[in-house]
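Nothing fancy with the numbering, it's 1 onward along the sequence. This is a predicted model, so every value here is computed, not measured.
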Amino acid sequence: MESIDGTSNANIDRAEELKILANEAFKANRFSQAIDLYSQAINLNGHNAVYWANRAFAHTKLEEYGSAVQDATKAIEIDPKYSKGYYRRGAAYLAMGKFKEALKDFQQVKRNCPNDPDATRKLKECEKAYQKIRFEEAIAVKDSQRHSVADSIDYHSIEVEPQYNGARIEGEVVTLDFVKKMLDDFKNQKYLHKRYAYQIILQAREMLRAMPSLVDITVLDGHHFTVCGDVHGQVVFQNIFARIFKLMHNSMHLARGNHESKNMNKIYGFEGEVKSKLSEAFVELFAEVFCCLPLAHVINDKVFVAHGGLFSVDGVKLSDIRAIDRFCEPPEEGLMCEILWSDPQPQFGRGPSKRGVGLSFGEDVTKRFLQENNLDLIVRSHEVKDEGYEIEHDGKLITVFSAPNYCDQMGNKGALIRFKAPDMKPDIVTFSSVPHPNVMPMAYASNFLRLFS
């Protein structure tokens with residue numbers, strides 16, 4: 001027997017069984033497994049809008065918003081009256097900062113479900129976010145007319161109250177003892193005084209501004225260099241840094257990621273937390289500092305390290321990366337965008353980004369880039385991995401993710417990679433999450449993002 005669309009009843013029944021298994025995996029926060037099971041169900045019965053919408057939701061959980069939009073769009077094509085399809089697509093658009101597109105979808109949800117209070121609440125949140133963005137764009141100052149916030153700040157003039165009992169910087173030098181005290185304070189949810197916060201950020205800005213867009217790092221024979229991936233502000237970063245404090249007097253390097261942008265900070269909560277704990281001026285100051293962060297590093301002329309990945313065109317040389325004018329908000333296309341947003345794919349060649357920004361690149365792209373630049377290995381982050389890392393592209397690319405149990409729900413391990421000169425072979429160390437203060441993940445994220453998570 002077959003259904004009207006030609007799908008056999010046996011396939012329909014098996015697809016439904018797979019959907020149930022996928023739902024169970026989703027509830028257990030095994031989102032990659034859920035995607036695989038939904039995909040199997042779709043292969044058996046691709047005419048069921050529910051499977052596509054459910055897979056879209058699982059993609060959203062992995063921050064694969066481009067794939068979520070594609071799946072939700074397919075659900076809508078199958079059933080134009082299926083409200084959840086518009087709902088899932090709208091949520092993905094919101095997470096990408098595409099408020100206008102999201103607003104259209106939630107308006108459609110409201111039309112389909114006029115008496116649903118949940119749909120009404122989410123539409124109002126989306127409208128509020130869209131109106132706020134439009135207002136900010138209307139009053140925004142052109143870059144050519146913008147004055148640096150840093151130039152207007154003199155932290156020496158800020159008085160430290162006698163009752164302040166937190167970490168203190170004596171003079172102009174940030175010492176290791178201060179850093180240890182500050183981290184202990186953070187563990188106890190104590191705030192750093194604004195004077196010292198300004199001092200740290202302003203001094204970091206001056207250091208970062210002087211660096212090139214691609215930084216060359218030299219590790220002497222017999223010495224180690226440790227590469228960490230995303231930490232996403234989790235308390236684990238204190239434990240990671242404790243492992244490398246002994247190296248701080250030599251070198252510690254930071255690279256820009258896709259979240260070091262105004263748009264991402266607004267959506268994911270960094271802006272809200274900074275406003276709550278410090279002030280609006282700090283938001284602008286952080287934005288300036290993020291624009292000073294280098295985009296990539298090369299260790300001992302062998303290992304290329306960047307947050308995202310490679311490029312939409314062949315022939316990109318290290319000199320091209322050095323030449324990028326990084327002192328700006330990330331553009332929506334081009335080398336700077338792609339180095340922050342791109343991901344590897346198992347297929348050869350290039351494909352669309354599962355995130356909706358950047359692209360996906362295959363093993364052949366990786367090998368050509370390495371050969372053309374006389375490199376051995378690419379190390380990048382940007383993706384949650386169950387074991388904290390994944391080796392791909394015939395061993396030529398490693399993803400390392402250093403935030404275990406991401407957002408307190410993913411259950412993943414964290415990892416870091418140690419390289420010892422002169423051979424620079426990767427030594428991968430994994431670790432689990434640690435107890436942290438009773439603060440909800442994404443506590444300062446935009447209301448609409450928390451509503452759809």
Ring-ring centroid check Y155 Y196, cutoff 6.0 Å: no
Ring centers of Y198, F282 separated by less than 6.0 Å: yes
Side chain to side chain contact (heavy atoms under 4.5 Å, CB included) involving S360 - partner list, sequence neighbours excluded: Q345
Within the 6.0 Å centroid threshold, strictly below: F106 and Y86: no
Aromatic ring pairing H382/W341, orientation class (parallel under 30°, perpendicular over 60°, tilted between): perpendicular
Check: G349 main-chain N/O paired with E363 side-chain donor or acceptor under 3.5 Å: no
K181 NZ: over 12 foreign heavy atoms closer than 6.0 Å: yes
R88 charged N/C atom sitting above F57 aromatic ring, 6.0 Å / 45°: yes
Nearest heavy atoms of I200 and M182, plus distance in Å: CD1-SD, 4.1 Å
E333 atom CD, over 12 foreign heavy atoms within 6.0 Å: no
Heavy-atom check, side chain of Q203 versus side chain of V173, under 4.5 Å: no
Salt bridge (charged side-chain N to carboxylate O under 4.0 Å, His left out) partners for R380, two or more places apart: D343, E383
